[in-house]
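For clarity, every value in this text was computed on a predicted model and none was experimentally measured.
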Number of protein chains: 2
Amino acid sequence: MLKKLDPLLHSELRLAIMSLLISVEKAEFTFIKEKTEATAGNLSVQVTKLENAEYINVEKGYKGKIPQTICAITKKGIEAFEKYVEDLKDYLKL
Amino acid sequence: MLKKLDPLLHSELRLAIMSLLISVEKAEFTFIKEKTEATAGNLSVQVTKLENAEYINVEKGYKGKIPQTICAITKKGIEAFEKYVEDLKDYLKL
DNA sequence: TTAATTTGGTTTATAATATAAACTAGTTTA
DNA sequence: TAAACTAGTTTATATTATAAACCAAATTAA
């Protein structure tokens with residue numbers, strides 16, 4: 001039987017964010033924005049959702065005088081991502 | 001760069017329908033309903049969307065006196081599914 | 001025989017989600 | 001010092017998913 005997919009990850013932008021962070025571990029908000037081609041608003045909303053789920057943690061600091069938000073994937077986030085991949089494989093026949 | 005995912009397929013229930021039809025080629029509405037554990041209403045809506053996209057075709061007939069809806073995947077549907085799988089692989093690091 | 005129940009759905013209303021527009025706060029440039 | 005830019009957040013709107021309500025015919029039960 002097909003497993004219920006984690007709704008937090010079954011979203012194109014959130015999945016893209018997680019996919020990126022799986023590779024690089026941590027990244028600036030602006031970097032993620034460029035890579036995903038998302039609007040800042042949309043990205044901000046989705047980052048907050050992932051943060052609330054503790055799939056990523058978010059640190060707000062400064063790079064010189066300019067605000068800088070750094071996102072990093074958590075252990076919980078990695079596990080959720082890996083489970084999502086396994087669950088999806090059944091749908092995709094992989 | 002990550003590709004935009006086909007929004008018609010990036011839906012848990014529609015993906016489950018397509019995944020099932022990829023395996024069996026054609027199936028009754030009621031069979032799909034049992035397998036996916038969807039409500040009839042939800043299934044009806046999603047089947048119609050897939051039909052409108054020509055990813056499946058739907059034949060309404062009778063099994064004896066009882067109405068019977070048969071869904072079958074189309075060539076276009078198979079191709080869309082396969083492309084979706086390939087596109088998703090990049091997100092999933094497969 | 002007619003009144004409930006079941007089967008096989010569709011339509012429609014509502015809840016959830018995604019997205020973009022508008023806004024805030026501070027910085028740099030002209 | 002005012003315009004424009006950077007780095008975001010908040011909020012309003014559009015889209016989507018889902019469930020509830022409904023319909024028609026068949027079956028079963030009284």
Please state how far atom [atom1] in [X] lies from atom [atom2] in [N], giving the value in whole angstrom units.
X      : N       : atom1 : atom2 : answer
L5(B)  : dA18(C) : CG    : P     : 13 Å
K65(B) : dA25(D) : NZ    : P     : 13 Å
L43(B) : dG8(C)  : CG    : C1'   : 11 Å
I66(B) : dA24(D) : CD1   : C1'   : 13 Å
H10(A) : dT17(C) : NE2   : P     : 12 Å
I70(B) : dG8(C)  : CD1   : P     : 13 Å
L8(B)  : dA17(D) : CG    : C1'   : 13 Å
N42(B) : dT10(C) : CG    : C1'   : 13 Å

Ion pair [X]/[Y], N-O distance below 4.0 Å:
X      : Y      : answer
K3(A)  : E86(A) : no
E79(B) : K75(B) : yes
K26(A) : E59(A) : no

* Judged by modelled atom types alone, do K49(A) and S11(A) share a side-chain donor-acceptor pair under 3.5 Å? -> no

* To do: Using distance alone, with no hydrogens and no angle criterion, decide if S23(A) and K93(B) have a side-chain donor and acceptor under 3.5 Å apart.
  => yes

* Asked: Between E28(A) and K33(A), is a salt bridge (charged side-chain N to carboxylate O under 4.0 Å, His left out) present by the stated rule, with each step listed?
  -> CA-CA 9 Å; E28(A) 287 178 37; K33(A) 180 171 176 295; over 6 Å; no

* **Donor-acceptor contact present, side-chain T74(A) to main-chain E54(A), <3.5 Å** => yes

* Asked: Can any side-chain N or O of T48(A) pair as donor or acceptor with the backbone N or O of S44(A) at less than 3.5 Å?
  -> yes

* Structure fact -> Smallest heavy-atom separation, A80(A) atom then D6(A) atom, equals CB-OD2, 4.2 Å

* When you measure from every atom of DNA chain C, which of residues 14-40 of chain B have a heavy atom less than 4.0 Å away? -> F29(B), T30(B), A40(B)

* DNA chain D contacts among residues 44-64 of chain A, heavy-atom distance under 4.0 Å -> S44(A), V45(A), K60(A)

* Structure fact -> Assign each of G41(A) and E12(A) the nucleotide of DNA chain C bearing its closest heavy atom; nearer the 5' end lies the nucleotide of E12(A)

